[in-house]
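Heads up: numbering here begins at 1 and tracks the sequence.
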Amino acid sequence: MAKGDDALARKRNRVRRKRLRSSENAVSARVAAIIASKRRRKSGKRRGCEGMCFSLPTPDDPFNERHGKKRKVDDEPTEDTAAAKDGDDPKKKGANTKKEQPVAKAGAEAKAKAKAKSKAVRERATGADEGRVDLDRPSKFLVVCLNAIRDTLAPEDGGGSIHGAGDWGVELWRCCSAQAPSDVLDASGACATVDQTAWLVSTACDIVARKERLGMVVSCPFLLYLVPSQEKAAQVRSICKPLKPLGIHSVSLHPGASIEHQISGLKTCEPEFLIATPERLLELVSLKAIDISSVSMLVIDGLKCFVDHNASDKIFSIRDAISNNPQITIFTDPSDKKVAAMAKSLLRGRITKLSINDSVSSRSAFIAQHVHFCPSEELKTSKVKEILEGILQSHPKKTSKVLLVVANDQKARYMSSSLKLKNCTVIDDSHGSSFTICSSLGLMNVIVKDRENMAVTDAEEFETVLVVDLPPSVDEYVEILTGVALHVIGGEVHSIFCNADASIAKPLAELLADCRQVVPEFFKNLESS
């Protein structure tokens, strides 16, 4: 029985496929696709994309994404809209609308899709936190940002130790995410480490996502990160780069690139994070290439470096250019007194001091320690009067709060009743544990606490603490020292040293030296004797 043409064609195809599958005549997948396309073309069985009439790009579809197909009905401009635009015949204007569409519309649509996708990622991560901020534990989206940075950075660049700074990072996140954010001052190093920068930008990213979730308008740039050099700008930029898929775009401005290139780049994007050196930033602000008046978070990384390079005026100019009250974070080395004065001028609200390490020198930064010598216990009362009078004179026209720390409750009552200063009026309260000193120089509220019942948090609210009776261990003195003036800059700790305290003379002198404080001469005399 004769075979039909279809059966013969199937047999030829089987033989041909078998020949192609053999190792000797095997071809690549690309060549096989070309051969198959050629056969389909010769047999007349073409695919839809292989027709003889090819569609060309149009102004309405410059990238030929619709392959010549018409626009959907929902996207067609209505007759009323076209008529309102030109006032002519709606049918004619509807036909000419496609010609008037900008070529960049497709690019704008792609950009909008990317932003919508990143926003969806943020909404999924922040969905559980909508409308509230649980400060007891970090948000899910904060962890997502930290993991993105950790997975991108190399271990030698600090990527593997980001979660090791968790305690410091959580405290920073709480300060910035609170309903009334507090400024942050870190004096544990000259500049921020990679871990600290990762936590900082992740915190800012989390705040942006939460504001968008609540329907709030987030101004751009949201975060302004000031750095002293181009190298530091590149490092911070590399840390921010993994956040781009999450919808956070960062731009670095420094003298290493031409200002024309940076101006053209700023015209095409609105970055959420701006990393800049002060000189280049002020140039771009003066040229109106960028507006920083609505910045919500300001980071000054390496304040001492700016002071050493005489850039203090530029920092204040940038701060004055921000119209609202931003949350400020400062990283600096506290060894210079000028740095303390400048930080005090920049941080105008409530502050929180943080330290990434446990060294006493960094935890007690910007606190002046003064040790006064008193030969005997009987003369301590007169010494306390002398110190309080000196504090009044050093802080004129100001209401001061002073905490007096004594050994026990009996001494506390005795100290409250025996203090009478010259040219001053002492007003006792009903409890006898505090009194007010009134003079022509100012007011002083003095609180007396015994060391046995005093909590560490009692010293946080005071800028000045007077330790009348030194504790038997330097560790107890360190607890008082690191708790003083936790929310202000420029605290003072005065202590009275007697001959009975000779056992802690050496460790106390070493502590003063480590904290870059003046070591009194009588300590040296005690060591020599």
Check whether the side chains of Ser294 and Ser219 place a donor and an acceptor atom closer than 3.5 Å, and report yes or no.
no
Can you measure from CZ (Phe462) to NZ (Lys449) and round to the nearest 0.5 angstrom?
7.5 Å
Do you know the tightest heavy-atom contact between Ala505 and Phe497?
CB-CZ, 3.8 Å
When you measure from the side chain of Gln517 to the backbone N and O of Ile367, does any donor-acceptor pair fall under 3.5 Å?
yes
His254 side chain to Gly256 backbone, donor-acceptor under 3.5 Å
yes
Ser473 backbone acceptor or donor facing Glu476 side chain under 3.5 Å:
no
Which heavy atom of Ser177 sits nearest to which heavy atom of Ile207, and what is that distance?
OG-CG1, 4.1 Å
Under the criterion side chain to side chain contact (heavy atoms under 4.5 Å, CB included), I'd like the reasoning laid out for Ile239 against Val194: C-alpha separation, chi angles, the key distance, then a yes or no.
CA-CA 8 Å; Ile239 296 173; Val194 173; 3.9 Å; yes
Is there a side chain to side chain contact (heavy atoms under 4.5 Å, CB included) between Leu246 and Cys145? Walk through the geometry before answering.
CA-CA 8 Å; Leu246 302 176; Cys145 298; 3.9 Å; yes
Hey, does the side chain of Lys380 reach the backbone of Val468 with a donor-acceptor pair shorter than 3.5 angstrom?
yes
Backbone N or O of His261 within a donor-acceptor pair of the Ser264 side chain at under 3.5 Å?
yes
Does the side chain of Leu303 come within less than 4.5 Å of Leu346's, by heavy atoms?
yes
Any heavy-atom pair between the side chains of Leu185 and Thr332 that's under 4.5 Å?
yes
Would you give the length of the straight line joining atom CD of Glu283 to atom CD of Gln262, rounded to the nearest 0.5 angstrom?
9.0 Å
Would you say Phe222 and Ile248 make side-chain contact, with heavy atoms under 4.5 Å?
no
Main-chain N/O of Val184 paired with Thr329 side-chain donor or acceptor, under 3.5 Å
no
Please name the pair of heavy atoms, one in Ala204 and one in Leu223, separated by the smallest distance, quoted to 0.1 Å.
CB-CD2, 4.2 Å
Check Ser362 against Ser188 and note the closest heavy-atom contact, atom names and distance.
CB-CA, 3.8 Å
Donor-acceptor contact present, side-chain Asn147 to main-chain Val143, <3.5 Å
yes
Can you check whether Val360 reaches Cys515 side chain to side chain, under 4.5 Å on heavy atoms?
yes
Taking side chain as C-beta onward, heavy atoms only, is Met342 less than 4.5 Å from Phe316?
yes
Rounded to the nearest 0.5 Å, what separation is found between the CD1 atom of Ile504 and the CD atom of Glu510?
12.5 Å
Does Leu224 form a side chain to side chain contact (heavy atoms under 4.5 Å, CB included) with Ile318? I'd like the steps, not just the answer.
CA-CA 10 Å; Leu224 175 58; Ile318 293 171; 3.8 Å; yes
Consider side chain to side chain contact (heavy atoms under 4.5 Å, CB included). Of Thr464, Val371, Val467, which one does His494 pass it with?
Thr464
Lys411 NZ to Leu404 CG distance, which is reported to the nearest 0.5 Å
12.5 Å
Partner of Leu284 under side chain to side chain contact (heavy atoms under 4.5 Å, CB included), picked from Leu274, Asp291, Ile290, is Ile290
Counting distance only, does the side-chain N/O of Asp301 pair as donor-acceptor with the main-chain N or O of Val227 below 3.5 Å?
no
Just checking, any donor-acceptor pair under 3.5 angstrom between side chains of Asp186 and Trp168?
yes
Do you know the tightest heavy-atom contact between Val170 and Trp199?
N-CZ3, 4.0 Å
Does the distance from a Lys or Arg side-chain N to an Asp or Glu carboxylate O, for Asp320 and Arg348, drop under 4.0 Å?
yes
Please walk me through it: do Tyr477 and Val493 pass side chain to side chain contact (heavy atoms under 4.5 Å, CB included)?
CA-CA 10 Å; Tyr477 173 79; Val493 174; 3.9 Å; yes
Measuring from Arg150:CZ to Ser202:OG, what's the distance to the nearest 0.5 Å?
11.5 Å
Heavy-atom neighbours of Lys241 NZ exceed 12 at 6.0 Å
no
Does some side-chain heavy atom of Pro326 sit less than 4.5 Å from a side-chain heavy atom of Arg319?
yes
How about Glu386 and His372: do any of their side-chain heavy atoms sit closer than 4.5 Å?
no
For residues Val405 and Asp469, determine if any side-chain heavy atom of one lies less than 4.5 Å from a side-chain heavy atom of the other.
no
Would you check if the side chain of Asp514 reaches a backbone N or O of Leu511 as a donor-acceptor pair within less than 3.5 Å?
no
Quick check: does any side chain N or O of Gln327 sit under 3.5 Å from a backbone N or O of Met297, one acting as donor and the other as acceptor?
no
Nearest 0.5 Å, please: how far is NE2 in His370 from CG in Leu466?
11.5 Å
Where do Asp358 and Arg363 come nearest, in terms of heavy atoms and distance?
O-NH1, 3.4 Å
